[in-house]
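For reference, the structure discussed in these notes is given below.
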Amino acid sequence: MVRVRIGPSPTGDPHVGTAYIALFNMIYARQHGGQFVLRIEDTDQTRSRPEWEGMIMSALKWLGIQWDEGPDVGGPHGPYRQSERGPIYREHAEILLSNGRAYRCFCTSDRLDQLRKQQRQRNVASGYDGHCRHLTDEEIAQHIQAETPFVLRLKVPNEGVTKFVDRLRGEVSFDNGQIDDQVLLKSDGMPTYHLANVVDDHLMEITHVMRAEEWITSTPKHILLYEAFGWEPPVWIHMPLLRNADKSKISKRKNPVSLNYYKDAGFLPPAILNYLAMMGWTMPDGREKFLVDDMVANFSFDRISLGGPVFDIAKLSWLNGLYLRECTPEQMVEHLRGHLFSDARLVEVAKLVQERVDKLEDFMEHTAFFFNGDVRYDDDALHAMQPKGRTVKEIREVLEGLCERIDMLAEVNRTNIEQELRAYCESLGWKTKELFMPVRVAVTGSKATPPLFESMEVLGKERCRRRLRGAVAVLRNLES
RNA sequence: GGCCCCAUCGUCUAGCGGUUAGGACGCUGGCCUCUCACGUCGGCAACACGGGUUCGAAUCCCGUUGGGGUCACCA
């Protein structure tokens, strides 16, 4: 029985990398008549938010990624949200404590920071120095008595090697001296990824762990944990990482990574899935256009190539065009109505321009920017983007900063964006109009528009960010 | 920097000892056509380097170089 899983962390927008890994997991489960589990890994209490969780699940559903077990559909191995599995982790931590495979660490984060700094200075491998590993029973009792906050660390053997077989690469081995005494339980009582992941995968009877390559170096820690518990580890499959054009790990700095971006821009789910499938995998007959079912019928690990694939929006666009072209005109209208031209959205737009048009035909002139992709900035717009007394560099950096602030918001609405913009002005020490006009122009391409906050709400987070980024690029060009 | 992974056109890739190194995106030229787009035909463009192994290496081994990842009480 094949059981696979993905464990997205609800700490931001639904990520294209999540969809990528999800796709391969789902394909593999389907091909083997197994189950595909969705587990929400929300053990980071400071960054996890339920809004993100909801968005991730709906974005995956929109794409057509379906799971057999998960927080929304339930299943026999629940709960499927790690924040609800606290007792399970504590119970297992207890096992490791009592069999001597883990120990309490009372070190302060100050000391750890110091340690890391020193290690970096001396240019030695960083890692925990084992300070608390040899505490006497009395010392431990004292700390517990004094209620010193502590974490639980994995006791990694000093000698020997830990190895595992990656289905795509063969044997990979690490010197144990190289492996850190990982924190297993944080001082807030929550498990770290490592503990939660291993415990859950075992309890949920996961047979194949298909995840991104960035996890490869922490796999030995996981192996050690399986050993410590006396469990059988799953089959490991580390998929290549999606890349930016410069080959670095795909990031929002250099690429649109939010699935919402692709939805808003009008990419079709089958096209996206098709494209993602081509990232590192090929059909045996070389076909480039294929459906999920075709992939299920033909998938094999042996056809995965390991060079990190650059995510190329141009090629995605071409593929999407293929799918769009095979629609009937009626279907195309349906797609348009589904999102970009939905009645609800049209109503919002209408509200904003009603008082500005005399004839219906004036509508497009006032509202085109709501429906377009990127906007172009003419000289007039460029001029308006630069408030008097501020340098191009300043305004560029301010818009960049705004982009980051918007990124923290689950959605952009008139209320929160006004708050955000005003707070930003305050922190900058700028007058509101110095900021609002550049933002208006950046986001709409024009000086004369419906009210800014409302417009931004209708444009949506993704379009706002995209244009802000576009404006930043234009301004940066102007600088040199 | 230590450790780990990776390495064919700019990009996605086929190739699993013997090929004129193939396809796709992009770029480009022609055709189609009232324009554009689509479509179609053609072109440019790659085995990182150095050693082995072998009758023979893009394919196997080693090294170099290059790229990436990772070194958190984030996942």
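Chain letters run A, B, ... following the sequence lines, proteins first and then strands; every chain starts at 1.
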What pairs meet the ring pair (Phe, Tyr, Trp, His ring centres under 6.0 Å) rule with one or both residues in residues 175-202 of chain A, with sequence neighbours excluded?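 The answer is A/Tyr193-A/Trp215, A/Tyr193-A/His222, A/His194-A/His222, A/His202-A/Trp231.
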Could you tell me which nucleotide pairs with B/rU33 by Watson-Crick or G-U wobble geometry, both distances under 3.5 Å, or answer none if nothing does?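 Across any shown strand, B/rU33 pairs with none.
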For B/rA58, the Watson-Crick or wobble partner whose two distances fall under 3.5 Å: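 Check on B/rA58: unpaired, no WC or wobble geometry under 3.5 Å.
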Might you list the N or O atoms of the protein lying below 3.5 Å from N or O atoms in nucleotides 40-46 of chain B, with each pair's distance?
none

Mind listing the closest non-hydrogen atom pair of A/Leu63 and A/Leu273 along with its distance?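 Heavy-atom minimum between the residues: O-CD2, 3.0 Å.
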For RNA chain B, find the residues of residues 53-61 of chain A with a heavy-atom distance under 4.0 Å and give them by number; none if there aren't any.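 None - not one residue of the stretch has a heavy atom sitting under 4.0 Å from the strand.
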Using a strict heavy-atom distance below 4.0 Å, which residues from residues 255-276 of chain A are in contact with RNA chain B?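 RNA chain B contact set from residues 255-276 of chain A: none.
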Does OP1 or OP2 of [N] have a side-chain N or O of [X] closer than 4.0 Å?
X: A/Arg287; N: B/rC12; result: no
X: A/Lys249; N: B/rU70; result: yes
X: A/Thr282; N: B/rA14; result: yes

Determine the contact category for A/Thr43: base if any of its heavy atoms lies under 4.0 Å from a base atom, sugar-phosphate if only primed atoms, P, OP1 or OP2 are that close, otherwise nothing.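 A/Thr43: backbone/sugar contact only, no base atoms under 4.0 Å.
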Check step by step if salt bridge (Lys or Arg N to Asp or Glu O under 4.0 Å) holds for A/Arg253 and A/Glu400. CA-CA 10 Å; A/Arg253 290 250 80 91; A/Glu400 270 179 327; 5.9 Å; no
Which residues satisfy the side-chain hydrogen bond (donor to acceptor under 3.5 Å, both in side chains) test with A/His339, sequence neighbours excluded?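 Once residues adjacent in sequence are excluded, the partners of A/His339 under the side-chain hydrogen bond (donor to acceptor under 3.5 Å, both in side chains) criterion are A/Asp264.
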With A/Asp312, which residues qualify under side-chain hydrogen bond (donor to acceptor under 3.5 Å, both in side chains), at least two apart?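 With sequence neighbours excluded, A/Asp312 shows a side-chain hydrogen bond (donor to acceptor under 3.5 Å, both in side chains) to no residue whatsoever.
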